[in-house]
Protein chains: 2
Amino acid sequence: MNDTNQTVGSTTYQKIKRDIIFGALRPGSKLKLDMLKERYDASLSTLRETLNRLTSEGFVEAPAQRGFFVKPVSVEDLEEIANLRTLLECHALGLSIQNGDAEWEGQLVAAHHKLHLMEQRMLAGDESQVELWKRYDWEFHLAMIQACKSKNLLSLHATLFDKYLRYQMLVLTNRGEVAIREHKAMFDATLARDTATAQRLLDEHIRSGWQHTLASVSWGTSG
Amino acid sequence: MNDTNQTVGSTTYQKIKRDIIFGALRPGSKLKLDMLKERYDASLSTLRETLNRLTSEGFVEAPAQRGFFVKPVSVEDLEEIANLRTLLECHALGLSIQNGDAEWEGQLVAAHHKLHLMEQRMLAGDESQVELWKRYDWEFHLAMIQACKSKNLLSLHATLFDKYLRYQMLVLTNRGEVAIREHKAMFDATLARDTATAQRLLDEHIRSGWQHTLASVSWGTSG
DNA sequence: AAGATTAAAATATCATATATTATTGTCAGG
DNA sequence: CCTGACAATAATATATGATATTTTAATCTT
């Protein structure tokens, strides 16, 4: 039997999504099928299936009969994404604090520890593992809300987080020590089951990250 | 040139989605490609693209290498959907009341009027146009939040509304006069720009609809 | 009746073919 | 030099058939 239970479809999906989030496929650029076929080594059918999935998730646009394009970025979209992520993540955090058991606490402590180690390395100037760092960031935020007991909520949040991440990667700004302090504070408030404080900190965390991202870019307001 | 700008892909997408929401395709049932091919008169490629879209929206499940299934229903899922719809719709309603202009008010009045007419007919016992009635219900709720100025939010809400609608159709219970009063009350509060009241009424509206739906079913708790 | 083996069905993927639609380039007329 | 009509080209949407792999069903054995 095979090592991976991955199908060609699912791996291409992951690759393309990753390339969109991390900017290898630039916002607004045309996704020509021939090009993709060569680049991802998959058949036309498989690629179209993949692109359809990404389209309905909002990472790709597909104007009728004109093929596929990487979803463009805009200030308005960033604002919407940030606000929605705040709404969903704060809500989920409240539920998670309410429902979380010892197992949840354990995973959270572990996730924060991993993230914290990586943050130290980033601070020290080691920029070589940005992608891994972002994954730990992802995992930390996920660990906080993991106990919310709503698969639907976690799924929506995951997509929003990825969309937000794309904007972060676009400007690749590291808020360094500030973000580290924010992560620690959220972590503490969450473990202390102080829902109101944890939610306020999370809101501020996302908001200030967004403002920081916004300040680092210079797009026009139109597409 | 053609009347419709619809492609085969988009029409099959709509048809299948509609059949899932309105129960023509039963929850949990296998979606055999040959069967679909015949039923929707589309090619395998097109069908797979469609099913991939519906999978990422959560109307279809696609366990690796075992084909496609209509997403099963469960009490837990209904609860999650109802809560998420409440969260997003109340949030959007607040924004919409804040931003809405005269144009928005006009559309809202129209939508409520259309819905109200249909509600009278349903009350009178005319059950022949359930689907149209539900569309007007949809349009009314959409009209309320239309001015929220967030495409992402509207898009998430639309999907959640459809998922919630599937549960409603599953038991096809009409809360009759109660729902009419609730709609009218929400409408009034919204036009009066009374955000707090409008949100409270909306929350109660969704919650009581959900309880009503829940009370009408007798699924086990497991998938 | 449980487990193993084989046969049949269905899926995932690919390669091609065709019709339709978009895009580009050319050229005449102003 | 610009504009619009028209042809040429490229790309997409859709369909079909083929193959390898995997599931599922059926059969046999103990």
Side-chain angles (χ1 to χ4, degrees), chain A residues 1-20 25-72 223, chain B residues 1-20 24-72 222-223:
Chain A
M1 66 187 71
N2 240 335
D3 262 10
T4 66
N5 195 13
Q6 305 277 57
T7 78
V8 175
S10 68
T11 58
T12 339
Y13 166 79
Q14 289 170 324
K15 281 191 213 161
I16 297 184
K17 185 169 173 181
R18 184 179 148 288
D19 283 351
I20 291 177
L25 295 170
R26 307 300 300 175
S29 62
K30 179 90 203 259
L31 294 168
K32 285 228 189 68
L33 292 173
D34 284 331
M35 180 264 267
L36 297 177
K37 201 169 153 181
E38 197 180 293
R39 177 163 180 167
Y40 297 100
D41 197 41
S43 76
L44 228 138
S45 339
T46 304
L47 280 169
R48 287 188 58 88
E49 287 178 27
T50 300
L51 293 174
N52 270 285
R53 278 168 71 179
L54 290 168
T55 299
S56 88
E57 284 182 56
F59 293 100
V60 166
E61 275 189 352
Q65 254 125 8
R66 297 210 283 110
F68 301 92
F69 299 79
V70 177
K71 172 104 184 198
Chain B
M1 65 187 69
N2 241 335
D3 263 10
T4 67
N5 195 16
Q6 305 277 57
T7 77
V8 175
S10 68
T11 58
T12 36
Y13 166 78
Q14 289 170 324
K15 281 190 213 162
I16 296 183
K17 184 170 173 179
R18 182 179 149 287
D19 283 350
I20 291 177
L25 296 169
R26 307 301 298 177
S29 62
K30 179 87 202 264
L31 294 169
K32 285 227 190 70
L33 292 174
D34 283 331
M35 180 263 267
L36 297 176
K37 201 169 155 180
E38 196 179 293
R39 177 164 180 166
Y40 296 101
D41 198 42
S43 77
L44 227 138
S45 343
T46 305
L47 280 168
R48 287 189 57 91
E49 287 179 28
T50 300
L51 293 174
N52 270 283
R53 278 168 72 179
L54 289 169
T55 299
S56 88
E57 284 182 56
F59 292 101
V60 166
E61 275 188 353
Q65 254 127 8
R66 297 210 283 112
F68 301 93
F69 299 79
V70 177
K71 170 104 183 199
S222 64

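Letters A, B, ... are given to chains in the order of the sequence lines, protein chains preceding strands, and every chain is numbered from 1. It should be emphasised that the depicted structure is a prediction, and the values quoted were computed from it without experimental measurement.
- Here C:dT11 is the nucleotide among C:dT11, D:dT24, C:dT23 with the atom lying nearest to any side-chain atom of B:R48.
- Going from atom CG of A:L44 over to atom P of D:dT14 covers 13 Å, rounded to whole Å.
- Between the side chain of B:T12 and the main chain of B:V8, a donor-acceptor pair closer than 3.5 Å is present.
- When each of C:dA12, C:dA10, C:dA15 is scored by its nearest atom to the side-chain atoms of B:K30, the top-ranked nucleotide is C:dA10.
- Looking at the side chain of A:K32, the nearest of the listed nucleotides D:dT12, D:dA13, C:dT11 is D:dT12.
- Look at CG on A:L31: it is 21 Å from P on D:dA10, rounded to the nearest Å.
- Comparing D:dT23, C:dC14, D:dA13 by their closest approach to the side chain of A:Q65 singles out D:dA13.
- Taking side-chain N and O atoms only, B:T46 has no distance below 4.0 Å to OP1 or OP2 of D:dA13.
- One interatomic measurement links the two molecules: CD of B:E49 to P of D:dT12, which rounds to 12 Å at whole-angstrom precision.
- The side chain of A:S43 places no N or O atom within less than 4.0 Å of a non-bridging phosphate oxygen (OP1 or OP2) of C:dT13.
- Taking atom CD on B:Q6 and atom C1' on D:dT14, their separation rounds to 16 Å, with Å as the unit.
- Side-chain nitrogen and oxygen atoms of A:R66 include at least one within less than 4.0 Å of the OP1 or OP2 phosphate oxygen of C:dT23.
- For B:A42, taking side-chain heavy atoms from C-beta onward, the closest of the listed nucleotides D:dA15, C:dT21, C:dA12 is D:dA15.
- Across every non-hydrogen atom of A:F69 and A:G28, the tightest pair is CD2-O, 3.8 Å.
- Atom CG of A:D41 and atom C1' of C:dT13 are 12 Å apart (whole Å).
- The neighbour count for A:K32 NZ, taken as heavy atoms of other residues, nucleotides or ligands under 6.0 Å away, does not exceed 12.
- In summary, the side chains of B:S56 and A:S56 do present a donor paired with an acceptor at a separation below 3.5 Å, with no hydrogens or angles considered.
- The interatomic distance linking A:Y40 (OH) with C:dT13 (P) rounds to 17 Å, in whole Å.
- Checking D:dA11, C:dT11, C:dT13 against every side-chain atom of B:L33, the shortest atom distance belongs to C:dT11.
- Looking at heavy-atom distances under 4.0 Å, B:S45 makes contact with a base.
- Note: CZ (B:F69) to P (C:dA10) measures 12 Å, nearest angstrom.
- Just one of A:R53, A:R18, A:E57 meets the side chain to side chain donor-acceptor pair (under 3.5 Å) condition when paired with A:Y13; it is A:E57.
- If you measure from atom CZ of A:F68 to atom P of D:dT12, you get 9 Å, rounded to the nearest angstrom.
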